Amino acid sequence: MRTSPQQRLREWIAAPAYPWITGGAVTAGAVVELIAIPGGVTTTVGVLVSAASLMWRRSFPPVAVLTVAAGLIGFAGDVNLYVSIMVSGLAGCYVLGRNRVVHPALAVAGGALGALCVNLVHINTWSRMDLPVPALWEKGSLSLFAESFLLTVVVFGAVMMGDAVRSREETRTERSLAQDRLIAMERQHAAEAERAAIARELHDIVSHSVSMIAVQAESATYTTPGLTPEARDGFQQIAGTARSSMAELRRLLGVLRTPQGDTALTAPQPTLDHLAELVDQHRAVGGTAELRITGERVALPAAWELSAYRIAQEALTNARKHAPGARTVVEVDYGTDRLLTLRVRDDGPGTGAASDSGTASRTGTGTGHGLTGMRERAALVGGRLTAGAGPDGGFLVEAELPWGSG
């Protein structure tokens, strides 16, 4: 697979040799400049130290303080502004902001103070060169400090650029971690659903097939005439084996209904109080969601709390999958007639949206089982769930869960 020039550039910048190559190039340029335009000892040392220190900016970011300080000293020693000093100074300020060596405000303040000192040194130099320098507080004297103002603006821009890049990369990292956590939760949810399906199948086997074997084997010892003692013992052994199998299957059924092992027996199940956290997770991966709660909070039975939470979780998952970037609103209405109403609506493309594979749609007509699972959860507590196009477009999931008689 061919990589784009932009991708190759990013890979080259990320390479370990990049700071050494670029720092060496700036140092070589500084040597050429000093040969062409010789400077004093202070200028020469400042220019070379500022340029050479760039080679350690990635392995030891605090060296950027030396880079900027040496550059300012080199510039103060001579009224000529070498190109290598401009490059190394900008790079040093960028590194200060990019790595948060110090707080950006402190870095800018230090740069502004250094710029003012350089400007004062230059004013003194201009006066010794018999240049027209007005006295301080006289008319036109403020123009003498244009140099310090310009240097401060440059320092501010470079530091803020580095800090902006750092913030953007931290945001990308946090979003990637949140996405990984969300994917893990969705996979766990899918695994739990599969385990629940297997548990239902096992329940049917235990309740019907195996139990029928035990009952028939035991009854045969009394209803079948002329049984020999050996045959009677054989039927009793069949019944005992069937009962033993039922016990083993019930233990296996208990394991399947406990997704996280023994710890899940004591772990608290999510409730409606966790909806805010669920909405925050949706926002963390780039979605736009809002939680609206009406009515007085009522402590519902655990089954109702869990069902409502899982329905909202599945609806948000479907919104991310079928309507990425859509604005989603989660509404919880506790009502006044012991009826909990849960609505999850988005302003996406509606029922016509398809999954990436093209096999599942928002209406659940493809291979996905999300809406089926939500309907089953609603029916489990005697409620109902509808899903389809919203009255104002988009997609709407609405669950009504009655939790007691009036």
Side-chain angles (χ1 to χ4, degrees), residues 182 185-186 188-197 199-200 203 257-259 264-265 267-282 287 289-323 326-348 350-351 362-365 368-392 394-406:
L182 188 60
M185 290 174 57
E186 291 177 351
Q188 180 182 352
H189 181 62
E192 290 176 0
E194 188 65 24
R195 291 161 72 101
R200 287 194 295 269
H203 179 269
R257 285 175 172 171
T258 308
L265 296 176
Q269 292 292 335
T271 66
L272 291 172
D273 292 330
H274 296 84
L275 282 181
E277 181 180 348
L278 189 65
V279 171
D280 290 339
Q281 292 173 356
H282 184 80
E290 179 183 356
L291 176 62
R292 299 176 182 174
I293 298 177
T294 56
E296 184 178 357
R297 174 70 167 102
V298 180
L300 305 179
W304 275 255
E305 296 265 353
L306 180 60
S307 295
Y309 177 90
R310 294 302 186 194
I311 290 172
Q313 183 182 47
E314 183 65 30
L316 288 174
T317 300
N318 286 344
R320 287 191 299 273
K321 182 185 299 182
H322 300 290
R327 180 176 179 272
T328 307
V329 178
V330 180
E331 298 178 351
V332 180
D333 183 6
Y334 290 102
T336 57
D337 52 353
R338 295 180 178 269
L339 176 66
L340 174 69
T341 304
L342 173 68
R343 300 182 188 88
V344 182
R345 54 185 173 88
D346 61 64
D347 57 1
T351 58
R362 295 293 292 273
T363 55
T365 57
H369 303 284
L371 291 178
T372 302
M374 287 190 285
R375 290 191 179 99
E376 289 179 351
R377 287 191 178 276
L380 184 66
V381 295
R384 67 182 185 89
L385 182 139
T386 58
D392 300 325
F395 196 77
L396 171 65
V397 174
E398 183 174 11
E400 295 181 350
L401 310 178
W403 55 275
S405 59

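Start at 1 with the first residue, then count along the sequence. Treat the numbers as computed from the prediction; the structure is a model and nothing was measured.
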Q) Which value, rounded to the nearest 0.5 Å, describes the distance between Glu376 atom CD and Leu371 atom CG? A) 11.5 Å
(Q) Rounded at 0.5 Å granularity, tell me how far CG in Asp347 sits from OG1 in Thr328. (A) 7.0 Å
Q. Can you name the closest pair of heavy atoms from Leu396 and Arg343 and give their distance?
A. CD1-CB, 4.2 Å
Q: Keeping the roles fixed (side chain from Trp304, backbone from Pro402), state whether a donor-acceptor pair exists under 3.5 Å.
A: yes
(Q) Between Glu305 and Leu300 (side chain of the first, backbone of the second, donor and acceptor by atom type, cut-off under 3.5 Å), is there such a pair? (A) yes
Q | Any side-chain heavy-atom pair of Leu182 and Arg320 under 4.5 Å | A | yes
**Q.** Contact summary for Ala326 and Asp346, nearest pair of heavy atoms
**A.** CB-CB, 4.3 Å
Q) Does the side chain of Met185 reach to within under 4.5 Å of the side chain of Gln313, using non-hydrogen atoms? A) yes
Q. Residues in salt bridge (Lys or Arg N to Asp or Glu O under 4.0 Å) with Arg310, at least two apart?
A. none
(Q) A side-chain contact here means heavy atoms from C-beta on lying under 4.5 Å apart; do Glu398 and Thr341 qualify? (A) yes
Q) Do the non-hydrogen side-chain atoms of Tyr334 and Leu272 ever get within less than 4.5 Å of each other? A) yes
Q) Taking C-beta and beyond as the side chain, do Met374 and Asn318 meet within less than 4.5 Å on heavy atoms? A) yes
**Q.** Approximate separation, where rounding is to 0.5 Å, of Leu401 CG and Leu339 CG
**A.** 7.5 Å
Q. Is there a side-chain contact (heavy atoms from CB on, under 4.5 Å) between Arg377 and Leu385 once you walk through the steps?
A. CA-CA 9 Å; Arg377 287 191 178 276; Leu385 182 139; over 6 Å; no
(Q) Are Glu314 and His189 packed together at the side-chain level, in the sense that at least one heavy-atom pair is separated by less than 4.5 angstrom? (A) yes
Q: Please lay out, stage by stage, how Glu331 and Arg345 fare under the test side-chain contact (heavy atoms from CB on, under 4.5 Å).
A: CA-CA 8 Å; Glu331 298 178 351; Arg345 54 185 173 88; 2.9 Å; yes
Q. At what distance, to the nearest 0.5 angstrom, does CD1 of Ile311 lie from CG of Leu306?
A. 9.5 Å
(Q) Less than 4.5 Å apart, side chain to side chain, heavy atoms only: is that true for Val330 and Leu342? (A) yes
Q) Got Glu186 and Lys321 here, is their nearest side-chain heavy-atom distance under 4.5 Å? A) no
Q. Of the non-hydrogen atoms in Ala387 and Phe395, which two are nearest, and what is the gap between them?
A. CB-CZ, 3.9 Å
Q.
For Leu291, run the side chain to side chain contact (heavy atoms under 4.5 Å, CB included) check against Val329, Val279, Asp280 and tell me which one passes.
A. Val279
Q) Got a sec, which residues hit side chain to side chain donor-acceptor pair (under 3.5 Å) with Tyr309, two or more places apart in sequence or on another chain? A) none
(Q) Can you confirm whether the side chains of Thr372 and Arg375 place a donor and an acceptor under 3.5 Å from each other? (A) no
